[in-house]
Visitor: 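Structure provided below as structure tokens; questions to follow.
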Amino acid sequence: MSAVLALWPSGWTRQQKSTATIVAASVALVLVMWLIAWPLALLPDPIGPAAREFAGGTRVTVWLTLVSGVSGLVIGVLAAVAKLAPFAPLRWAAGLYIWAIRGTPLLVQVLFVFLALPLMVPVQLTDFSSAALALGVNVGAYNAEAIRAGILAVPTGQAEAARSLGLSPRRTFVDVVFPQAFKIALPPLVNNVVALLKDSSLAYVIGVVELSNIGNRVQAATFQPVPVFFATASIYLVLTTVLTQISGAIESRLDIEQRGH
Amino acid sequence: MTSVPASPPPAPSAPLIEVEGVSKRFGAVTVVREVTTRFFEREVAVIVGASGSGKSTFLRMLNRLEKHDAGRIVVDGILLDDNTKHLDAIRREVGMVFQQFNLFPHLTALENVALAPRRVRRTPRAEARRAALEILTRVGLADHAHKHPFQLSGGQQQRVAIARSLAMNPKVMLFDEPTSALDPEMINEVLDVMKDLARSGMTMVVVTHEMRFAREVGDRILFFDHGQLLQEAPPADFFDNQRNDRIRQFLGQISH
């Protein structure tokens with residue numbers, strides 16, 4: 001998973017290697033988003049002529065993943081903290097949210113936000129915003145459980161030490177508990193983001209023109225499903241690979257004790 | 001706080017911590033039973049007793065890591081209760097050193113020491129780090145300031161933990177079996193730091209099994225038995241002129 005980490009000069013420190021990997025992989029992600037039309041255009045029919053459409057779909061998929069991924073992380077932290085709060089109604093609200101989201105299909109949630117929500121609240125979202133909202137709320141529920149597990153895994157002595165130094169409960173969480181909990185929660189969080197990248201294809205049902213939608217459109221127009229779906233799957237593989245390189249490097253950066261090496 | 005008109009003239013140094021009839025239950029088990037005592041400024045009080053005698057629980061009640069069920073505790077004139085302002089004020093003045101060190105593993109030694117002054121006292125970063133290095137130098141760890149806890153031995157970690165507490169300039173420091181998790185060859189480096197602290201006039205309440213430290217450094221020994229404060233005595237009386245059979249038995253067991 002951390003293949004890129006091994007490519008850097010052996011004299012570099014763990015932090016230098018992981019920083020370099022994060023920068024390189026992030027640059028790669030931007031390049032994929034901007035320039036993917038160029039290598040795709042070199043491919044034979046039916047991919048080459050549709051290169052610009054595939055590139056546009058890739059950008060939408062990446063954007064959708066980034067927007068819902070970041071909001072899902074924020075929602076996850078808030079829901080995890082709420083579920084561990086001393087105030088019971090907060091715990092119930094967080095429990096209800098996680099129970100409802102994990103207990104219903106994502107497809108139903110995407111359709112609900114797009115079709116049912118506008119009838120209940122006077123806000124009309126675009127198809128992209130609807131998909132981002134549904135995906136963010138969905139991944140947030142799974143993130144909440146990963147982060148909650150991370151918080152519970154931090155020894156109670158850590159909070160006791162911080163509190164007895166005079167740190168407030170909030171500062172204790174921000175400076176002491178959360179950094180350790182995040183490191184523990186990172187592998188399952190990465191799982192969730194990789195799943196999110198692939199689940200973003202469900203935005204297709206409400207008309208978002210993302211990568212899967214493009215694939216289906218091109219195969220419907222050309223009647224050549226084999227090369228089209230190979231191309232679509234390959235692009236997803238490139239994206240998940242870049243994503244796991246970044247997350248692996250973040251993990252390595254947080255791994256102060258170097259137990260993973 | 002308690003100004004009773006008929007009270008005797010104040011002692012030469014005022015009590016820093018007053019404990020009156022304090023009890024603590026865990027479910028049906030009473031772990032601390034009606035303890036009354038006072039801790040004075042510049043005093044080193046050493047709490048001894050068998051495992052499970054309630055001495056650690058008693059110590060942890062002094063900064064409310066455990067809540068007491070009955071009685072009252074006053075620290076530096078502030079009543080220890082559910083009022084978070086009281087609690088924050090008290091915790092700023094009371095340092096605590098734990099058996100398991102409880103250093104923050106994601107921070108360097110220097111950052112461990114500088115964190116609370118920066119966050120609680122709002123000391124600027126550069127000044128907090130300079131002060132932290134000074135304190136680490138005092139406990140003999142200037143060369144290890146930029147290491148993370150996992151790179152340090154147990155004895156070094158506990159010295160960092162003491163430095164971390166000292167950085168807040170506490171009026172009193174609580175030690176909860178500070179050498180019990182250490183390999184034998186590392187115990188002395190921690191005890192030496194504690195002796196230096198005692199000589200500098202720090203008020204200390206120490207729960208320990210190190211009887212030589214208690215005898216050498218302690219001004220007063222408190223013996224806990226089944227949650228009760230069975231005896232308070234100066235070390236000479238406690239160790240060399242002990243009349244209580246239960247304590248004689250305890251001292252006989254640990255001297256072997």
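The sequence lines fix the lettering, A, B, ..., with proteins before strands; numbering per chain opens at 1. Side chains included, hydrogens not; waters and symmetry mates left out as well; all remaining heavy atoms used.
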Visitor: For A:Ala161 versus B:Phe104, what's the shortest heavy-atom pair and its separation?
Guide: CB-CE2, 4.1 Å
Visitor: So for B:Leu103, is it side chain, backbone, both, or neither that comes closer than 4.5 Å to the heavy atoms of chain A?
Guide: backbone
Visitor: Examine whether an atom of B:Pro117 lies under 4.5 Å from a heavy atom of chain A, and if so say whether it belongs to the side chain, the backbone or both; otherwise answer neither.
Guide: neither
Visitor: Are the side chains of A:Leu167 and B:Leu115 in touch, meaning some heavy atoms are under 4.5 Å apart?
Guide: yes
Visitor: Which bit of B:Val94 comes within less than 4.5 Å of chain A, counting heavy atoms only: side chain, backbone, both or neither?
Guide: backbone
Visitor: Checking A:Phe178 now: which residues fulfil ring pair (Phe, Tyr, Trp, His ring centres under 6.0 Å) with it, not counting sequence neighbours?
Guide: A:Phe173, A:Phe182
Visitor: Can you pull every donor-acceptor pair closer than 3.5 Å across chain B and chain A?
Guide:
residue, atom, partner, partner atom, Å
B:Arg60, NH1, A:Glu160, OE1, 3.0
B:Arg60, NH2, A:Glu160, OE2, 2.6
B:Asn102, ND2, A:Gly157, O, 3.1
B:Leu103, O, A:Gln158, NE2, 2.8
B:His106, NE2, A:Asp175, O, 2.9
B:Arg119, NE, A:Asp175, OD1, 3.3
B:Arg119, NE, A:Asp175, OD2, 2.7
B:Arg119, NH2, A:Asp175, OD1, 3.2

